[in-house]
2 protein chains.
Amino acid sequence: MFEKVLIAEDHQSIKISVTQTLTNLGIEARDNYAYDCDNALQRLKKALQDNAPFELLITDLSFDDRAISIISSGKELIDAARALQPSLKIIVFSAESSASVIGKLFEEQGVNGYVKKGRSDTEELQKAVETIHKGKTFISPGLQQAVKAKNAHDFTPLDIAIITQLAKGMLQKNLPAYLQEQNLKPSGLSSVEKRLNHIRETLHISSNEQLVAFCKDKKII
Amino acid sequence: MFEKVLIAEDHQSIKISVTQTLTNLGIEARDNYAYDCDNALQRLKKALQDNAPFELLITDLSFDDRAISIISSGKELIDAARALQPSLKIIVFSAESSASVIGKLFEEQGVNGYVKKGRSDTEELQKAVETIHKGKTFISPGLQQAVKAKNAHDFTPLDIAIITQLAKGMLQKNLPAYLQEQNLKPSGLSSVEKRLNHIRETLHISSNEQLVAFCKDKKII
DNA sequence: TTAGCCGATACGGATTCCCGTAAAAATTAC
DNA sequence: GTAATTTTTACGGGAATCCGTATCGGCTAA
């Protein structure tokens, strides 16, 4: 079993339960807890320098950053941790259920496991640690299919840029200039209109306001 | 100290910590846990019928309702519980930090305490239980001022109805008919335009898309 | 009662958005 | 290299929104 596991979690109540789960697995829980991302990365670095690296990171996704921090989300922490120590195994332990978000964790960031906070999360977490120790990946039951099932519409980087700017108040007629600045193509106003129209149609959405609401709900923007 | 406390919480990891906190307070934690709102209300009813009512309810706000449930959010549970048993003390234990949401819990629903999940949430929860047992209210440190600080704009029920419909795809020209159906006044198209214009101005927002995004972020709609 | 005030509604011009069509450019096929 | 296809862009009419102004209707105070 793993011997050194780092917990990155800003909720004390959850940290206590996770620690208990690790103890049940026979993993020593001492000096292995960070309540923000900066501190978590620091500990990973220190352990690496001391030739006693962590083997597994269990991290949340959202941290409320009260202080000015360099890394303020689990997503960024994962990238930084992997860059620092490619061999590190990573379990995300979060309440996030958006297929879009979870899908990216596996596909773009290569996490080893995802446990959704829920009715049986401690058992699931325990199973996840065991499964990953055997070299396999783990995902909470029921989420597998949700992540595989593609959205009716796959949002491209262009789509996301367009909708993000709309949500920031940019008029759609000003989008071409912005998209050119960002080197995003196509940038013509007609193309923007066509793209938005296409998205609305496939999602059965009738206005830009509704589209912004949809993307906010699905955590796409 | 309280003798009967009910926990309504759908995350096992948190339930474990809350139970432990209650134990630390000398409160017996047996048969006092519900993982969804329907079940929680059922237990409150049963205990009342048996002449052994719960004295305190500790509840989360968000429950992911996998099954078809009558009550699916903590907000509704609170109303139902208060209707059933007005004397019941209620602590909300949630990660929600939106001033709008928390403010309403106290002002409209009269909860006795709010503990935000965070770095010291178990200590805070313990303190909350003690404080409320003395007949006072409790709110997590730092949130007090956030809740008191009013938003730049106070959203009226009319505002919320308008923006909600926009976010559902309704065209603004169709709003007058809808508002009349809902007996909301004023309902004239000019009034709707004027209202939206006023909101955008006070919040320094330039489009309806941005307004919808803002309200989604602040959990106003 | 009536003059004055204020909010709601009606109206109209300017702007923006929607959407279909056509031209232009880029890509692919042969 | 040229034709065919697709993608991007340009254009224009109609709809919806934005915003200023004016009218309507209820309310208050002298």
Side-chain angles (χ1 to χ4, degrees), chain A residues 150-217 220-221, chain B residues 150-217 220-221:
Chain A
K150 291 292 174 190
N151 277 327
H153 176 75
D154 271 345
F155 289 85
T156 67
L158 176 68
D159 296 340
I160 292 171
I162 290 173
I163 300 169
T164 300
Q165 287 311 114
L166 285 181
K168 284 186 180 175
M170 181 173 283
L171 292 182
Q172 135 177 357
K173 64 157 189 159
N174 294 329
L175 272 166
Y178 171 82
L179 293 175
Q180 283 195 340
E181 270 180 27
Q182 305 289 319
N183 281 332
L184 286 168
K185 279 181 290 192
S187 63
L189 181 56
S190 262
S191 299
V192 170
E193 290 172 351
K194 198 148 287 185
R195 197 82 201 125
L196 282 171
N197 191 38
H198 174 251
I199 299 172
R200 287 195 304 259
E201 204 163 287
T202 55
L203 294 175
H204 304 286
I205 279 179
S206 55
S207 72
N208 284 344
E209 288 91 335
Q210 189 181 4
L211 178 57
V212 167
F214 175 88
C215 290
K216 278 283 176 192
D217 283 340
I220 293 167
I221 61 170
Chain B
K150 291 292 176 190
N151 277 327
H153 176 75
D154 272 344
F155 288 85
T156 67
L158 176 68
D159 296 340
I160 292 170
I162 291 173
I163 299 169
T164 300
Q165 286 310 114
L166 285 182
K168 284 185 180 176
M170 179 173 284
L171 291 182
Q172 137 177 354
K173 65 161 188 161
N174 294 329
L175 273 166
Y178 171 82
L179 293 176
Q180 283 196 341
E181 270 180 27
Q182 304 289 320
N183 281 332
L184 286 168
K185 279 181 288 192
S187 63
L189 182 55
S190 261
S191 300
V192 170
E193 291 172 351
K194 197 147 288 185
R195 197 82 200 124
L196 282 170
N197 192 36
H198 173 252
I199 299 171
R200 287 195 303 260
E201 204 163 287
T202 55
L203 294 176
H204 303 287
I205 279 178
S206 55
S207 73
N208 284 344
E209 288 92 334
Q210 189 181 4
L211 179 57
V212 167
F214 176 87
C215 290
K216 279 282 176 192
D217 284 339
I220 293 166
I221 60 171

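These values consider heavy atoms only, across backbone and side chains, with no hydrogens, waters or symmetry-generated copies. The model shown is predicted, which means the values in this text are computed figures rather than measured ones. In what follows, chains carry the letters A, B, and so on, assigned in the order in which the sequence lines appear, proteins first and then strands, with residues in each chain numbered from 1.
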Is there a side-chain contact between [X] and [Y] in this structure, where contact means two heavy atoms from C-beta onward sitting under 4.5 Å apart?
| X | Y | value |
| --- | --- | --- |
| Ile162(B) | Leu179(B) | yes |
| Leu166(A) | Leu196(A) | yes |
| Ile199(A) | Ile205(A) | no |
| Asn208(B) | Asn208(A) | no |
| Pro186(A) | Leu158(A) | yes |

How many whole angstroms separate atom [atom1] of [X] from atom [atom2] of [N]?
| X | N | atom1 | atom2 | answer |
| --- | --- | --- | --- | --- |
| Leu158(A) | dT8(D) | CG | C1' | 12 Å |
| Ile162(B) | dT17(D) | CD1 | P | 13 Å |
| His198(B) | dG7(C) | NE2 | P | 11 Å |
| Glu201(B) | dC18(D) | CD | P | 13 Å |
| Lys185(A) | dA26(C) | NZ | P | 10 Å |
| Lys194(B) | dA8(C) | NZ | P | 10 Å |
| Leu179(A) | dT8(D) | CG | P | 12 Å |

For every nucleotide of nucleotides 11-19 of chain C, 5' to 3': is a protein heavy atom under 4.0 Å from its base (B), only from its sugar-phosphate (S), or from neither (-)? B----SSBB
Within the side chain of Ser187(B), is there an N or O that forms a donor-acceptor pair under 3.5 Å with the backbone of Asn183(B)? no
Counting just side-chain N and O atoms, does Ser191(B) come under 4.0 Å of either OP1 or OP2 of dT9(C)? yes
